[in-house]
Amino acid sequence: MQGFDAAKINEIIRKASEGSRFYQHKQQAQQKLDAKIKEMLHTAQQMSPQLLEKATKKMEAVALECEAGRDLSRTIVHVDMDMFYAAVEMRDQPNLKDVPMAVGGNSMLSTSNYIARKFGVRAGMPGFIARQLCPALVLVPPNFSKYKAVSRVVEQVFAIYDPNYAMMSLDEAYLDITDYMEANADAYQAKSEVDNETLAEAIVREMRLKIQEATQLTASAGIAANTRLAKVCSDLNKPNGQYYLPSDTRAIMDFINKLPIRKISGIGNVTEQQLKALGITLCGQIRPNYGLLRLLFSDCSLDYFVRISLGLGETDLSNYTSGEQKSISTETTFTGTSCKQKLMQMVSDLSIELHGDMKKKGLVGKLVTLKTKTVNFVLKTRSMALGEPTSDPEVMGKVARKLLIAEMEKCPVDEPLSLRLLGVRMSNLSEEASSGRAKQTTISKMFEKQTVSAGRESSSNYCLVTESVAREVQAFHD
DNA sequence: AAAAATCAGTAGC
DNA sequence: ATATGGCTACTGATTTTT
Ligand SMILES: Cc1cn([C@H]2C[C@H](O)[C@@H](COP(=O)(O)OP(=O)(O)OP(=O)(O)O)O2)c(=O)[nH]c1=O
Ligand SMILES: [Mg+2]
């Protein structure tokens, strides 16, 4: 056995990556971020104490307002299947149960089982590096339709506890079990008393058992007053476990104060580094730095940070479920080439594939976007609006090819555009007008469309709800 | 000056 | 021997249009 040691794992990964174009690009990005952080610290240093104090006061006022709106009345559950894709494969091929395995291919892994994780094999890691960490690793190609089918079975269980559950991906969902708790409190009385559990815990334990009975797969869950906290909690007793965070302000503050910021959904690698430079690694360190943050980040981000520091989050799941798809795309990675003929052909093929996906969903779009990635991993997007929405592969292909030609022509002849990825995306979507169907259908569809677009125009757009969620869920800066 | 369009970047699964 | 995915949604800065 080897590879259990974190230092050794990192060493192998570094050796395997070193010198590659991927690694070079990553380092370049890191340098850029370092520069940005340095500038941030510079502006931070120049701030006068008076200015800082003023900013702090302002932020505290915002915090007070947020605190006043704290809602502890809902019981939110986040359920997350354990090593989902891998677990499905292990269930269906029992010989995989006690060996290190991962789902994915030579260039990328979707996930790995817990045996493989001991070797440092993780989601997002290329298969060829994973094999170096763990030579015995078994790679299983993904079966998306199978995972989708399993996901539907799990959904049936969710529906029992909350008909308005919000599916966030194939393997995770938020549920609001408040109503279920009220309606079924008596039925769980004996159960929860025997196990010395709260009602919510007993219900969630039963739900996880039902998932296991229905799928032979285990799930983990977090129970808390809002989605942000519930999501953190579902990770704490993984796999096949659950964590209950009582819905009182003291318990929540104790919990959040010692929580690493990186555990919060929406804080990724970049934001973590930025905050770390300011001495913030725990959520509890946000509030003492309100003033500093105010002078360095956007209003949106500030709002987000304040809410994190108070342990606040979304309590209304309808904010997740409402809303249509905004874009649809297809992309492909290949061994780098600058052959114009090949690249053009690929764009045409992608457009045909995209047409198929759009047709399945009955979507048409108005904005065509071409995505390119050079052999040095530099990403670019170029877009062009159509006169009217379509999913016609010829139209989309023609526009996408035009965008590609424009990019190729910008390159000098001695250094032609050399790509490793091409993608085509359609956005500004609407529903396809049904053709050749009964009049009834056509008319009702037209009506539907009209109301939707009227809604968009009048109320500063249909995103009002969605947008407020967005500010919650995500945080970016510059 | 406001609104729309465009693009890079961050993030999550 | 070489080699790092595909999809969606959002923010924020900048440019262009109205
Ligand atoms: C993180 C990640 C997940 N996935 C897929 C595969 C995962 O099985 C599925 C769910 O993601 P996760 O819930 O993040 O991971 P997991 O279920 O495999 O493992 P865990 O026990 O830690 O929850 O999404 C990707 O395809 N790419 C990724 O980068
Ligand atoms: Mg999972």
**Student:** Under 4.0 angstrom, heavy atoms only, what part of the nucleic acid is A:K366 near: base, sugar-phosphate, or nothing?
**Tutor:**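 It contacts nothing in the nucleic acid.
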
**Student:** Any side-chain to backbone donor/acceptor pair from A:R91 onto A:T215? Under 3.5 Å, distance only.
**Tutor:**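 A pair under 3.5 Å: yes.
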
**Student:** Could you tell me how far apart A:R228 (CZ) and B:dG12 (P) are, to the nearest whole angstrom?
**Tutor:**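 Taking atom P of B:dG12 as the reference, CZ of A:R228 is at 12 Å.
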
**Student:** Round to the nearest Å and state the distance from A:L370 atom CG to B:dT6 atom P.
**Tutor:**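 Value for this atom pair: 14 Å.
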
**Student:** Using a 4.0 Å cut-off on heavy atoms, which residues in residues 329-339 of chain A reach DNA chain C? List them by number, or say none.
**Tutor:**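 A:S329, A:T330, A:E331, A:T332, A:T333 - these, ordered by number, are the residues of the stretch whose heavy atoms sit under 4.0 Å from the strand.
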
**Student:** Take the angle between the ring planes of A:F22 and A:F377 and call it parallel below 30°, perpendicular above 60°, tilted in between.
**Tutor:**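 Judged by the thresholds at 30° and 60°, the geometry between A:F22 and A:F377 is perpendicular.
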
**Student:** What does A:K32 touch in the nucleic acid at a heavy-atom separation under 4.0 angstrom: a base, only the sugar-phosphate, or nothing?
**Tutor:**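 Sugar-phosphate: the residue A:K32, judged by heavy atoms under 4.0 Å, touches backbone atoms but no base.
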
**Student:** If you measure from the Lys or Arg side-chain nitrogens to the Asp or Glu carboxylate oxygens, is any gap between A:E11 and A:R14 under 4.0 Å?
**Tutor:**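 Yes, charged N to carboxylate O under 4.0 Å.
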
**Student:** Check every atom of B:dA11, C:dG5, B:dC13 against the side chain of A:V270 and return the nucleotide holding the closest atom.
**Tutor:**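 Closest nucleotide among those given: B:dA11.
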
**Student:** Scan the side chains in residues 389-404 of chain A for donor-acceptor partners under 3.5 Å anywhere in the protein, sequence neighbours excluded, and list what turns up.
**Tutor:**
{"unit_1": "A:T390", "atom_1": "OG1", "unit_2": "A:D392", "atom_2": "N", "d": "2.9"}
{"unit_1": "A:D392", "atom_1": "OD1", "unit_2": "A:E394", "atom_2": "N", "d": "2.7"}
{"unit_1": "A:R401", "atom_1": "NH1", "unit_2": "A:S348", "atom_2": "OG", "d": "2.8"}

**Student:** Any salt bridge between A:E39 and A:K36, counting N to O under 4.0 Å?
**Tutor:**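 Salt bridge absent between A:E39 and A:K36.
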
**Student:** Considering every strand and a 4.0 Å limit on heavy-atom distances, what is the contact class for A:N106: base, sugar-phosphate, or nothing?
**Tutor:**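 Base: the residue A:N106, judged by heavy atoms under 4.0 Å, touches a nucleobase.
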
**Student:** Is the distance from OP1 or OP2 of B:dC13 to the nearest side-chain N or O of A:T111 less than 4.0 Å?
**Tutor:**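 No, because none of the side-chain N or O atoms of A:T111 sits under 4.0 Å from OP1 or OP2 of B:dC13.
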
**Student:** Report the nucleotide, chosen from C:dG5, C:dT8, C:dG12, that has the shortest atom-to-atom distance to any side-chain atom of A:I328.
**Tutor:**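 Output: C:dT8.
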
**Student:** Any idea which of C:dG12, B:dA8, B:dC13 is nearest the A:S169 side chain?
**Tutor:**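 Among C:dG12, B:dA8, B:dC13, the one nearest the side chain of A:S169 is B:dC13.
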
**Student:** Can you tell me if the side-chain N/O atoms of A:K326 get under 4.0 Å from OP1 or OP2 in C:dC10?
**Tutor:**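 The answer is yes; a side-chain N or O of A:K326 sits under 4.0 Å from OP1 or OP2.
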
**Student:** State which of C:dG6, C:dA3, B:dG12 makes the closest approach to the side chain of A:S265.
**Tutor:**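 Out of C:dG6, C:dA3, B:dG12, the nucleotide with an atom closest to A:S265's side chain is B:dG12.
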
**Student:** I need the OH-P distance between A:Y320 and C:dA9, as an integer number of Å.
**Tutor:**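 Distance check: A:Y320 OH to C:dA9 P gives 15 Å.
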
**Student:** Counting any heavy atom closer than 4.0 Å, what does A:L170 reach on the DNA or RNA strands: base, sugar-phosphate only, or nothing?
**Tutor:**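 Here A:L170 touches no strand at all.
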
**Student:** Quick check on B:dC7: is either OP1 or OP2 less than 4.0 Å from any side-chain nitrogen or oxygen of A:S383?
**Tutor:**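 So the side-chain polar atoms of A:S383 do come within 4.0 Å of the phosphate oxygens OP1 or OP2 of B:dC7, strictly under.
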
**Student:** Atom CD1 of A:I129 to atom C1' of C:dT2: distance rounded to whole Å?
**Tutor:**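 After rounding, the gap between these two atoms is 12 Å.
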
**Student:** Which part of the nucleic acid does A:L109 contact within heavy-atom distance under 4.0 Å: base, sugar-phosphate only, or nothing?
**Tutor:**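 No contact.
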
**Student:** Taking only side-chain N and O atoms of A:R382, does any of them lie within less than 4.0 angstrom of OP1 or OP2 on B:dA8?
**Tutor:**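 The answer is yes; a side-chain N or O of A:R382 sits under 4.0 Å from OP1 or OP2.
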
**Student:** Indicate yes or no: does A:E432 engage A:K359 in a salt bridge with an N to O separation below 4.0 Å.
**Tutor:**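 Looking at A:K359 together with A:E432, the answer is no, because their closest N to O distance does not fall below 4.0 Å.
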
**Student:** Rounding to a whole Å, what distance do you find between A:K36:NZ and B:dT10:P?
**Tutor:**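 Value for this atom pair: 6 Å.
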
**Student:** Who pairs with A:D316 by salt bridge (Lys or Arg N to Asp or Glu O under 4.0 Å), at least two apart in sequence or on another chain?
**Tutor:**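 For A:D316 there are no salt bridge (Lys or Arg N to Asp or Glu O under 4.0 Å) partners, ignoring immediate neighbours.
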
**Student:** Between atom CG in A:N143 and atom C1' in C:dG6, what is the gap in whole Å?
**Tutor:**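 Those two atoms, CG and C1', are 17 Å apart.
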
**Student:** Without decimals, in angstroms, what is the distance between A:D299 CG and C:dC10 P?
**Tutor:**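 Distance, rounded to whole Å: 20 Å.
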
**Student:** Among the candidates C:dT11, C:dA3, B:dA8, find the nucleotide nearest to the side-chain atoms of A:T381.
**Tutor:**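 Side chain of A:T381 sits closest to B:dA8.
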
**Student:** Please tell me which of A:L367 and A:N269 maps to the more 5' nucleotide of DNA chain B, matching each residue to the nucleotide holding its nearest heavy atom.
**Tutor:**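 Mapping each residue to its closest nucleotide by heavy atoms, the 5'-most match is A:L367.
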
**Student:** Any side-chain N or O of A:S327 less than 4.0 Å from the OP1 or OP2 oxygen of C:dC7?
**Tutor:**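 No, A:S327 has no side-chain N/O under 4.0 Å of OP1/OP2 on C:dC7.
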
**Student:** Have a look at A:K26 and say if it touches a base, only the backbone sugar-phosphate, or nothing, with a 4.0 Å heavy-atom cut-off.
**Tutor:**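 The residue A:K26 makes no contact with any strand.
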
**Student:** What nucleotide, of B:dT10, B:dC13, C:dG6, holds the atom closest to the side chain of A:T271?
**Tutor:**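 Looking only at heavy atoms from C-beta outward on A:T271, the closest nucleotide is B:dT10.
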
**Student:** Rounded to whole Å, please give me the gap between CZ in A:F377 and P in B:dA8.
**Tutor:**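 Distance check: A:F377 CZ to B:dA8 P gives 18 Å.
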
**Student:** Please confirm whether A:R117 makes a cation-pi placement over A:Y114, using NZ or CZ under 6.0 Å from the six-membered ring centre and within 45° of the ring normal.
**Tutor:**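 Yes, a cation-pi geometry holds between A:R117 and A:Y114.
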
**Student:** Mind checking whether A:Y165 and A:Y174 have ring centres under 6.0 Å apart?
**Tutor:**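 Ring centres of A:Y174 and A:Y165 not closer than 6.0 Å.
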
